[in-house]
2 protein chains.
Amino acid sequence: MRSDGVDSRRTDTRERAVGVALSLFAQRGYTATSLREIAEQLGITKAALYFHFRTKEEILTAILRGYLDGINALVVDAARPLTADGQEALLRGFAAHQERWGLDLVMLVRQNYTEIHGLPIGAEIKSAMRSLIEALSPEGAGPEQRLRVRLALSAFQIAAVTASIEDDGDEATLRASAYPIALEILRGGKPA
Amino acid sequence: MRSDGVDSRRTDTRERAVGVALSLFAQRGYTATSLREIAEQLGITKAALYFHFRTKEEILTAILRGYLDGINALVVDAARPLTADGQEALLRGFAAHQERWGLDLVMLVRQNYTEIHGLPIGAEIKSAMRSLIEALSPEGAGPEQRLRVRLALSAFQIAAVTASIEDDGDEATLRASAYPIALEILRGGKPA
DNA sequence: GTCTATACGAGGATAGAC
DNA sequence: GTCTATCCTCGTATAGAC
């Protein structure tokens with residue numbers, strides 16, 4: 001009998017499954033990806049996957065959980081009212097968050113908007129993004145001002161997609177160029 | 001025997017099918033949409049659909065054909081070398097093109113990037129977009145300059161998505177705000 | 001934790017009647 | 001042009017052995 005809290009039957013299959021699923025969902029789409037494909041890449045069977053997740057949707061939710069937490073952490077850390085420095089810091093934080101999660105996550109969200117939207121965690125992500133946009137906007141901003149913020153944030157995604165899928169420039173360089181452009185969009189073309 | 005060139009068996013089913021499919025593919029995704037759903041909305045059966053299209057992919061291709069032609073027309077009409085006025089005209093042309101095809105088409109392309117990418121017409125669209133970006137870029141522009149162009153073009157898409165899905169502002173207003181922002185991104189924040 | 005076997009439905013696609 | 005009927009494959013999910 002063990003009492004160290006470590007179960008000898010423990011494996012890292014669940015974590016590995018999340019990684020494999022992220023990659024496949026991003027590249028082939030959530031609906032188009034079957035549990036068989038995921039299981040195959042893991043070297044186990046479909047049935048074994050059901051030990052770790054109750055449904056396919058649960059796999060998708062597991063992938064998105066960490067991403068969501070990252071966004072929420074950014075918003076919580078942001079100081080209000082927003083100073084110019086605070087705005088830059090928040091923007092950098094978002095860029096780092098995107099870089100950390102990588103292209104697969106960006107593509108996953110873009111390509112499976114509908115499916116994610118229908119999940120409980122989809123509503124949470126939407127709400128978190130709204131908060132982030134609100135935090136980056138000037139006090140009492142209208143929809144047009146928030147459009148600038150949305151565009152600024154999308155710059156990092158577009159840079160990543162351009163580098164890898166459009167094959168037009170290397171990722172590090174484009175990511176570096178994206179930041180000043182994002183800041184410029186945010187500030188409305190006016191110098192600080 | 002008729003000789004007026006009009007076949008009495010002709011219907012508008014094919015065109016209607018393209019419209020219905022566009023709407024469904026955009027809202028639910030290509031893979032997630034079944035031929036049964038499309039047929040149901042048309043008031044016919046799956047089998048009848050196969051009279052008009054040989055495969056499901058052919059429906060998707062039919063949807064994208066007109067969109068692609070519109071992009072190519074823009075590029076052909078663009079004068080080179082690019083004057084400031086020509087640049088503005090081309091940008092306006094793209095905005096009009098996007099408006100004409102509507103949100104469904106934007107969502108279709110975003111949400112089904114992988115599936116479209118795998119089709120012959122996907123390569124054509126990619127190539128057309130490259131030409132458009134090239135046409136909007138200064139002579140001898142590098143990847144970083146082209147990133148600005150990509151961002152400018154995405155402004156119209158993001159405006160449309162923001163209005164309808166994010167529900168943050170009305171479409172006409174956001175579209176109107178998107179144009180000057182796009183121009184500003186294109187020009188690098190420097191006044192004309 | 002993972003397996004084999006299987007239930008059950010839905011998918012795309014075709015054949016042939018009308 | 002559209003239908004009914006059918007084929008075959010693949011999907012998610014479960015039962016029960018090891």
Side-chain angles (χ1 to χ4, degrees), chain A residues 1-2 4-25 27-63 111-112 114-116 118-120, chain B residues 1-2 4-25 27-64 111-112 114-116 118-121:
Chain A
M1 199 144 27
R2 330 177 48 119
D4 57 3
V6 175
D7 191 327
S8 63
R9 287 164 303 185
R10 240 191 180 342
T11 62
D12 61 346
T13 303
R14 194 191 149 99
E15 303 158 43
R16 287 198 304 128
V18 168
V20 167
L22 166 57
S23 165
L24 286 172
F25 288 167
Q27 284 158 34
R28 312 170 42 81
Y30 173 73
T31 315
T33 302
S34 68
L35 296 177
R36 186 189 48 73
E37 290 174 291
I38 298 174
E40 223 160 61
Q41 279 210 16
L42 286 169
I44 61 174
T45 62
K46 276 193 294 176
L49 261 182
Y50 276 93
F51 175 82
H52 300 282
F53 307 92
R54 287 209 323 277
T55 65
K56 189 185 180 185
E57 284 188 352
E58 195 176 298
I59 302 180
L60 182 54
T61 300
I63 293 172
Q111 282 204 76
N112 301 283
T114 306
E115 287 93 338
I116 293 173
L119 261 39
Chain B
M1 201 148 20
R2 333 179 44 121
D4 55 4
V6 175
D7 190 327
S8 61
R9 286 166 305 183
R10 237 187 178 350
T11 61
D12 61 346
T13 303
R14 193 189 149 100
E15 304 157 42
R16 288 197 304 128
V18 168
V20 167
L22 166 56
S23 165
L24 286 172
F25 288 168
Q27 283 158 34
R28 313 168 42 80
Y30 173 74
T31 315
T33 303
S34 68
L35 296 177
R36 186 188 47 75
E37 289 175 289
I38 299 174
E40 224 160 60
Q41 278 210 17
L42 286 169
I44 62 175
T45 62
K46 272 195 298 175
L49 261 181
Y50 277 93
F51 175 83
H52 301 280
F53 307 92
R54 289 210 319 279
T55 64
K56 190 184 179 186
E57 285 188 352
E58 195 177 297
I59 302 180
L60 182 53
T61 300
I63 293 173
L64 295 170
Q111 281 204 77
N112 302 284
T114 307
E115 287 93 339
I116 293 173
L119 260 41
I121 199 167

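Please read all numbers here as calculations on a predicted model, not as lab measurements. Below, all heavy atoms of this structure are taken into account, side chains as well, without hydrogens, waters or symmetry copies. A note on names: the letters A, B, ... follow the listed sequences, proteins ahead of strands, and every chain is numbered from 1.
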Letter per nucleotide, 5' to 3', of nucleotides 3-18 of chain C [B base touched, S only sugar-phosphate touched, - untouched; heavy atoms, 4.0 Å]: BB------SBBBB---

Expressed in angstrom and rounded to an integer, what is the separation of Ile38(A) atom CD1 from dG11(D) atom P? 11 Å

Scanning both residues in full, the closest heavy-atom pair of Ala62(B) with Val18(B) reads CB-CG2, 4.1 Å

Least distance between heavy atoms, Gln111(A) atom then Glu115(B) atom: OE1-OE1, 4.3 Å

Candidate pair Gln27(B) and Ser23(B), rule side chain to side chain donor-acceptor pair (under 3.5 Å), full reasoning: CA-CA 6 Å; Gln27(B) 283 158 34; Ser23(B) 165; 3.2 Å; yes

Donor-acceptor contacts, no H, no angles, side chain residues 42-51 of chain B, under 3.5 Å, sequence neighbours left out:
residue  : atom : partner  : partner atom : Å
Thr45(B) : OG1  : Ala48(B) : N            : 3.4

Treating Arg14(B) as the side-chain partner and His52(B) as the backbone partner, does any N or O pair qualify as donor plus acceptor under 3.5 Å? yes

Phe53(A) CZ - dT2(C) P separation (whole Å): 11 Å

